[in-house]
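First comes the structure, then the notes that go with it.
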Amino acid sequence: MTGRRTTARRAAAGAATAGLLTMGLLAGAGNAAADEGDVHHQGGAVATLDGLKTYDSARLDVGDGKTKNIAAGLFEMSVEGSGRLQSYCIDIHNPTQNKATYLETPWAQTSLGANENAGKILWILQNSYPQVDDLTALSQKSGAEGLTAKTAAAGTQVAIWRFSDGAKVEARDAQAEKLADWLEGQAQNLQEPKTSLTLEPNAVSGKAGGRLGPVTVRTDAGQVSVAASADAAGAGVKVTDKDGKALTSAGDGSELYFDVPEGTADGAASLTVKATTEIPVGRAFASPSKSQTQILAGSSESTVTADATANWATKGAIPSVTAEKNCAEGGVDVTASNEGDAPFTFELAGAEHTVEPGGTKTVTVPVDEDAAYDFTVEGPNGFSERFQGVLDCKTQGTPAPGTDTPGTGTPGTDGDTPSSAPSTAGGSSEEATGGEGDLANTGGSSATPVIAGIAVALVAAGGAAMFFLRRKKAATGE
């Protein structure tokens, strides 16, 4: 998770030891990235949903003897910077938002974290289309004759839904259904794939005249580039190793430090690590808007990035604040550290919290499922971290009889009439191509129909967010 930091000198009395939390409704149902500033998160790929490309029909049991016809197949996404992704849905009853932003996300911060079959979904991804793009070989192995890109994608998606959502769903094509049954029966639990790129932690603090950190690189890429921001360079701050050697590149496990010269004026700076790599199959992608969660099926060489910030001062409280979704507890962990020589006091969810010098405190804030939040934690010398987004930790499960399933066709007693291709937020249908893409693994992408204008939940007392915006400025006089 990341935040938005604005650093500026403030004249308000008492600001050196006080923190303030402000909350407000996240207006609108679109992407949470509506605020100004650069878009960041815990690290990895940031992508935009492009829509349905390769799919066929499936039949979903909605109870009471009724079924719905839905599209089943591959989604496609464009990566911010460069690259293309393919993904399957792991959230059948939620709709997609047209052109929604998606962030690479750990399993524990999605519905996969509590799913004992999550590893079986990874096995399916590794052993079916598009990772196995020889459809003749896949047909022979599974016993599903004459598979096409469309039916292979549909069968794979159906098998995934059975594990991700516990859905009663069947492919309408007989051979796609045979593939789905084979995948379901053969699946084995595998371990979550490694992150493409993150920094731990992504915020540090301390006194000028020392090295602030460490910030540890976690990556599946062979090497990442390391660069200090313009505000860091302007303040004479360098990115170094623990011995003070300046760094321009790093690898998995490398420890980075902000080297802040003695006498540097109180302020803040950031660093960015970046790589071009194939993102591991099986990585989850969640949206900061309410758009169904995805799991990666294929990746081209794609841009991945991660940011970290440092906050320093000569005296007083010197805080850093990070946040991370905690699906197991149904909320968000907000962690505040204080490397200063005075207490850091802040309010969170209606309670006051104090972090003593050299201490760290984590507060788990209860959050309603599917709720949108927007809050800011403020501290001395213009310190400000803003966090906003949507908590989305659960699939809805099979709906009760008579309820509607977002994005699918009209209920019927036999489900013989397929629904139309998923529509975009604008109401137009997007035609599936079923052709070969330009990804590292062939195939297009599937989407479920989109429902536009989803209402954003009112902010409950005590909230936190999964998607953060960060804008970093050096301290400036008023």
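Predicted model only: the values in this text are computed from it and were never measured.
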- Minimum side-chain heavy-atom gap V273-L256 below 4.5 Å: yes

- Query: Quick one: do E200 and R218 make a salt bridge, cutoff under 4.0 Å?
  - Reply: yes

- Task: Have a look at V217 and tell me which of V226, T198, L197 forms a side chain to side chain contact (heavy atoms under 4.5 Å, CB included) with it.
- Result: L197

- Task: Check the surroundings of atom NZ in K361: do more than 12 heavy atoms from other residues, nucleotides or ligands lie under 6.0 Å from it?
- Result: yes

- Task: Carefully, step by step, assess N311 and S320 under the rule side chain to side chain donor-acceptor pair (under 3.5 Å).
- Result: CA-CA 7 Å; N311 180 43; S320 61; over 6 Å; no

- Nearest 0.5 Å, what's the CG-OG distance between L49 and S78? 9.0 Å

- Message: Would the distance check show the side chain of S128 and the main-chain N or O of L125 forming a donor-acceptor pair, the cut-off being under 3.5 Å?
- Response: no

- Look at the side chain of D252 and the backbone N and O of A221, then say whether any donor-acceptor pair between them is shorter than 3.5 Å. no

- Rounded distance [0.5 Å steps], CD1 in I92 versus OG1 in T293: 13.0 Å

- Message: Checking the side chain of E369 only, and the main-chain atoms of C393 only, is there a donor and an acceptor separated by less than 3.5 Å?
- Response: yes

- Query: Judged by modelled atom types alone, do S270 and T309 share a side-chain donor-acceptor pair under 3.5 Å?
  - Reply: no

- Query: Minimum heavy-atom separation for E104 to S196, with atom names?
  - Reply: OE1-OG, 2.5 Å

- Task: Using a 4.5 Å cut-off on heavy atoms from C-beta on, say whether the side chain of L85 contacts that of V79.
- Result: yes

- Worked verdict on T96 versus S291 for side chain to side chain donor-acceptor pair (under 3.5 Å): CA-CA 4 Å; T96 54; S291 190; 5.1 Å; no

- Checking salt bridge (charged side-chain N to carboxylate O under 4.0 Å, His left out) for the pair K194/D220: CA distance, chi angles, key distance, verdict? CA-CA 6 Å; K194 195 173 184 178; D220 186 67; 5.7 Å; no

- Item | Derivation of the side chain to side chain contact (heavy atoms under 4.5 Å, CB included) call for E324 and T322 | CA-CA 7 Å; E324 182 174 286; T322 62; over 6 Å; no

- Exercise: identify the closest heavy-atom pair between S302 and I279: CB-CD1, 4.0 Å

- Hey, does Q292 have a side-chain heavy atom less than 4.5 Å from the side chain of P95? no

- Note on the structure: Here the pair of heavy atoms bringing K207 nearest to W312 is C-CB, 4.5 Å

- Does some side-chain heavy atom of H353 sit less than 4.5 Å from a side-chain heavy atom of V363? yes

- Exactly one of D165, I121, N117, L122 clears side chain to side chain contact (heavy atoms under 4.5 Å, CB included) with I160, and that residue is I121

- Item | Salt-bridge contact D370-K394 (side-chain N to carboxylate O under 4.0 Å) | no

- Query: N189 side chain to G119 main-chain N or O, any donor-acceptor pair under 3.5 Å?
  - Reply: yes

- Message: Could you walk me through whether I90 and N115 satisfy the side chain to side chain contact (heavy atoms under 4.5 Å, CB included) test, starting with their C-alpha distance in whole Å, then the side-chain angles of each, then the deciding distance to 0.1 Å, before giving a yes or no?
- Response: CA-CA 11 Å; I90 53 171; N115 187 338; over 6 Å; no

- Flag the pair E278 / E301 as yes when at least one side-chain heavy-atom distance between them is below 4.5 Å, and no otherwise. yes

- Steps toward side chain to side chain contact (heavy atoms under 4.5 Å, CB included) verdict (V239, D259): CA-CA 6 Å; V239 180; D259 194 321; over 6 Å; no

- Item | Donor-acceptor pair, side chain of D243 and main chain of K245, under 3.5 angstrom | no

- Note on the structure: Taken to the nearest 0.5 Å, the spacing of E378 CD from F346 CZ works out to 13.5 Å

- Message: Go through it in stages, so that I can follow the logic: the residues are F285 and T105, the test is side chain to side chain contact (heavy atoms under 4.5 Å, CB included), and I'd like the CA-CA distance, side-chain angles, deciding distance and then a yes or no.
- Response: CA-CA 5 Å; F285 277 76; T105 305; 5.9 Å; no

- Query: Between atom CD of Q223 and atom NZ of K274, what is the distance when rounded to the nearest 0.5 Å?
  - Reply: 14.5 Å

- For the residue pair T364 and D333, confirm or rule out a side-chain donor-acceptor distance under 3.5 Å. yes

- Please confirm whether the backbone N or O of A371 pairs with a side-chain atom of D368, one donor and one acceptor, at under 3.5 Å? no

- Just wondering, do M77 and Y102 contact through their side chains at under 4.5 Å, heavy atoms? yes

- Message: On a heavy-atom basis, which atom in P357 and which in G340 lie closest, and how many Å separate them?
- Response: CB-O, 3.1 Å

- Item | Between S287 and S289, a side-chain donor and acceptor under 3.5 Å | yes

- Message: Whether the S87 and Q294 side chains hold a donor-acceptor pair (N or O, under 3.5 Å, no angle test) is what I'd like checked.
- Response: yes

- Item | Interatomic spacing from OG1 in T216 to CG in L199 - rounded to 0.5 Å | 8.5 Å

- Query: So, the side chain of N326 versus the backbone of G330: is there a donor-acceptor pair under 3.5 Å, distance only?
  - Reply: no

- Item | T395 backbone acceptor or donor facing D91 side chain under 3.5 Å | no

- Note on the structure: A208 and T264 have their tightest heavy-atom pair at CB-O, 3.9 Å

- Item | Check ion pair D341-K315 (N to O, under 4.0 angstrom) | no

- Query: CD of Q131 to CG of L296: how many Å apart, nearest 0.5 Å?
  - Reply: 8.0 Å

- Message: Do L391 and V332 have side chains that approach each other closer than 4.5 Å (heavy atoms only, starting at C-beta)?
- Response: yes

- Item | Residue pair V215 / F258: nearest heavy atoms and the distance that separates them | CG2-CE1, 4.4 Å

- Taking the side chain as every heavy atom from C-beta outward, state whether E80 and T48 have any pair of such atoms under 4.5 Å apart. no

- Item | K325 with D392: basic N within carboxylate O range, under 4.0 Å | no

- Item | Under 3.5 Å: donor-acceptor pair, side chain of S205, backbone of I318 | yes

